[in-house]
Structures are given as C-alpha cells and as structure tokens.
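Worksheet: the structure to be examined is printed underneath.
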Number of protein chains: 2
Amino acid sequence: MPSGECRGQGWWHGKFRGCGYRLTLGREAILDILSKAEGHLSAEDIYIKVHPKYPNIGLTTIYRTLDVLSNLGMVYKLDFGDGRARYELAEGPKGAHHHHHLVCTGCNRVVDYTDFIDEEVELLQQTEKGLGKKYNFKINNHVIQFYGLCDKCSGNK
Amino acid sequence: MPSGECRGQGWWHGKFRGCGYRLTLGREAILDILSKAEGHLSAEDIYIKVHPKYPNIGLTTIYRTLDVLSNLGMVYKLDFGDGRARYELAEGPKGAHHHHHLVCTGCNRVVDYTDFIDEEVELLQQTEKGLGKKYNFKINNHVIQFYGLCDKCSGNK
DNA sequence: CTCCTTAATGAAAATGGTTTCCATTATTAA
DNA sequence: TTAATAATGGAAACCATTTTCATTAAGGAG
Ligand SMILES: [Mn+2]
Ligand SMILES: [Mn+2]
Ligand SMILES: [Zn+2]
Ligand SMILES: [Zn+2]
C-alpha cells in the first residue's frame, strides 16, 4: 500500500487521496459501473459492462481493482453461495446505505433490506462491543444474511 | 432425493431415516469425524482425517457426502473467505448448539460464540418473521459473522 | 513540458477447490 | 439370492481467481 496524494473529479477520488493509489481509467470505469448499476455484480458482470466502452481493460484488472477497493473498504465482497464472489459499493456519493441480505436458495435471488435495521443496529452495536471486549477483537465489519425460499420457489415445491 | 427407510446405530441414522439415503461406511466415517473434531473443517481436512482409517474413501465422496448432509440440514457449509468451504455439524447428539462466528481477517482464526445469543435470538426471530412476511420468503437459516482483527493481529499493526 | 521511477496493466499460463464422467461396487428391498 | 439402482473412486474437466512477466502509463521532480 503506497502513500501520497492524487486528484480527480469523481466523488470517490477523495477516497483514494492519501492512500497513494494512482487514479487510472480502469479504476474509474469500474467505480462508475459499480455506482450506477446497483445490485450484486460478479467480476465478470463488471467486465462485460465495462468492456463496450473500454475494450482494453482486462478481467485481471477488474479483479485487482476490486481487491484494492475491498481493502479500502469502498466495496463489499459478498458470497451468496453461487460459486463466484459478488461486489457492491459500500456507500454512494450521498453516504452510507448499509443493508443486509435475504437470499433465495432456490433461484439465487437476493433482496436487500434495510427494514428492522433500527433494532438490529442497536443489537449489533451492543454485540460488537461485548464480543470485542470479551475476545479482544477489533471488530470492523459484519455479514448478516438470511436464507430461505422466495414466494416463487416455495410455490414450486 | 430417494425415499424409503434405513437402520443403524449412530445418532445420525435417525436423520437419514425417511430420506431414503443409504447408510454407507463413507458417510458414517465422515459424520464420525465431524462429530468428534469440532471446528471448521474443509473437505480436504476431513479427507485427511478419514484417510488413515478408511484409505479407500476418496475426496469426491467427501464432497458428495457433505453436499447431502448440507441439503439435509445436518451440516452447515461456511465461507470464511479463505478460498475453501468449511463445514460444521449443525447439531450434535445432545441437540442443537447454534452459534455465530467471529473471524479474524488477519490470521483467519475463527471464534465460535454463543454469548449475547439471548437478545440475538429474540431479534432474529422477530426479524425473520417480519422479513418473511414482507418479502414473502420462507426463511429457514441465517448467517451472522463479525469480521475484525484478533488481539495478536491488531497488535501486529 | 519532459524525464524518471515504479505502480498498473493485459495476455497467457498456472492454480486449486470443486464437479463431472463413467465404469465398478455395494446397499437395500423384494 | 437377486435385481435395481444408489454410491463410489480415480481421472479428467471445470472455472473462478491468481500469478507471471514484459509493457504501459500515472504522477512527482525538475
Ligand atoms: Mn446488497
Ligand atoms: Mn462454528
Ligand atoms: Zn427463489
Ligand atoms: Zn488474527
């Protein structure tokens, strides 16, 4: 992880500032796709979306950039059990929009939800605090996913 | 998924009953390992533990058996981000011992915790109920994992 | 603006966990 | 015991991700 500064015009440029990462066309393209297409994109999904406009950006760069973004905390790397990692922006230009996931094990549909977050947030903070103290962990992230069958898939059975 | 009955002496035989699965040496060996070695074993871990006693059980069978057990709900398939699936028994002979995980992103250490489960359980039930109704999901499982740095790893930084 | 250092990149090859194939074996019901 | 077929193992295939390495280009210095 290098150190230094950089400049640019996108909202994410500030995030790079102070981390010494160079601002390249590829990285901008990938961040652009991620900030527009909301959802849960795989590396290949991103590649396919980026390719028409920037045909010279390879899959390898997608993976490398996602790794950087993930380490910077700008992107969440998710696993929904379909054999490939999926990525989503941790927060948009307007700020955080933290949410959890509801995954259908039948058709792999994923629902973002922010409902019930009030009680959840409270409990999570308590839990993080308690666990951190008890196990001497510096907790900085969590994953909460519910698995089940969506209406269509439970109807099929 | 076949149908029928089966017999045996292990506590898990009952689980197989009514599902039509045949009770084989390999499956017993794998369940045996899982019930003894608590932890989070990869398919290869299990293979290595099973091999000395049953050298003729292949990795393929390990994977297939874990898949069956996972579908039966007898085993949880977990992802801690280290590139391989890990498995743990959903419950032992004495009953359930549901827990959540605390994962160190520095050294990959995983802590099982059951503390704070009381409030968690209550909230989870509420949440599952609410989400299920709102999104028409039949929720039957959840994953909760906290990520952070353990004492050793946060000291290193 | 030009030069220089070195981070970033792309294409191809390698990796490695998991799955598939298929001929053979073993479990179970009859 | 026998027949039907589920289960198995070894090898090959799969395929998402990583590594290699020669080439390009971002960005600071001057
Ligand atoms: Mn999401
Ligand atoms: Mn565990
Ligand atoms: Zn579904
Ligand atoms: Zn650690």
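Lettering follows sequence order; numbering is per chain, from 1. Since we're looking at a predicted model, the values are computed, not measured.
- When distances are taken from the side chain of A/R64 to each of D/dG10, D/dT20, C/dA8, the shortest belongs to D/dT20.
- Set against D/dG27, C/dA26, D/dT18, the side chain of A/R22 has D/dG27 as its closest nucleotide.
- Regarding contacts with the backbone of C/dT9, a side-chain N or O of A/T24 is found under 4.0 angstrom from either OP1 or OP2.
- Rounded to whole Å, atom P of D/dA25 lies 16 Å from atom CD of A/E28.
- B/H142 has its ring centre no less than 6.0 Å from the ring centre of A/H101.
- For the pair A/H13 NE2 and D/dG27 C1', the computed distance is 15 Å after rounding to whole Å.
- Checking each of A/I30, A/I57, A/V75 against A/T65 for a side chain to side chain contact (heavy atoms under 4.5 Å, CB included) leaves exactly one that passes, namely A/I30.
- At the heavy-atom level, A/I57 lies under 4.0 Å from the strands shown only through sugar-phosphate atoms.
- Checked against the 6.0 Å centroid criterion, the rings of A/H40 and A/Y87 do not qualify as a close aromatic pair.
- Contact annotation: A/Y63 does not reach the phosphate of D/dT18 (side-chain N/O to OP1 or OP2, under 4.0 Å).
- When each of D/dG10, D/dT8, D/dT17 is scored by its nearest atom to the side-chain atoms of B/T60, the top-ranked nucleotide is D/dG10.
- In this structure, B/I46 places its CD1 atom 11 Å from P of C/dT18, rounding to the nearest Å.
- A donor-acceptor contact under 3.5 Å is not formed by the side chain of A/R84 with the base of D/dA16.
- Note: OH (B/Y47) to P (C/dG16) measures 17 Å, nearest angstrom.
- In terms of position on DNA chain C, the residue among B/L25 and A/G26 whose nearest nucleotide sits closer to the 5' end is A/G26.
- D/dA16 atom P lies 11 Å from atom CD1 of A/I48, rounded to whole Å.
- Atom P of nucleotide D/dA7 and atom CD1 of B/I30 are separated by 13 Å, given to the nearest angstrom.
- A side-chain N or O of A/H100 and one of A/E120 form a donor-acceptor pair less than 3.5 Å apart.
- Evaluation of the ring pair (Phe, Tyr, Trp, His ring centres under 6.0 Å) rule for B/Y147 yields no partner, not counting sequence neighbours.
- Remark on DNA chain C: of its neighbouring residues A/N56 and B/L59, the 5'-side contact belongs to A/N56, judged by nearest-heavy-atom nucleotide.
- Rounding to whole angstrom units, OH of residue B/Y54 and C1' of C/dA26 are separated by 16 Å.
- With rounding to whole Å, A/D79 atom CG is found 13 Å from C/dG17 atom C1'.
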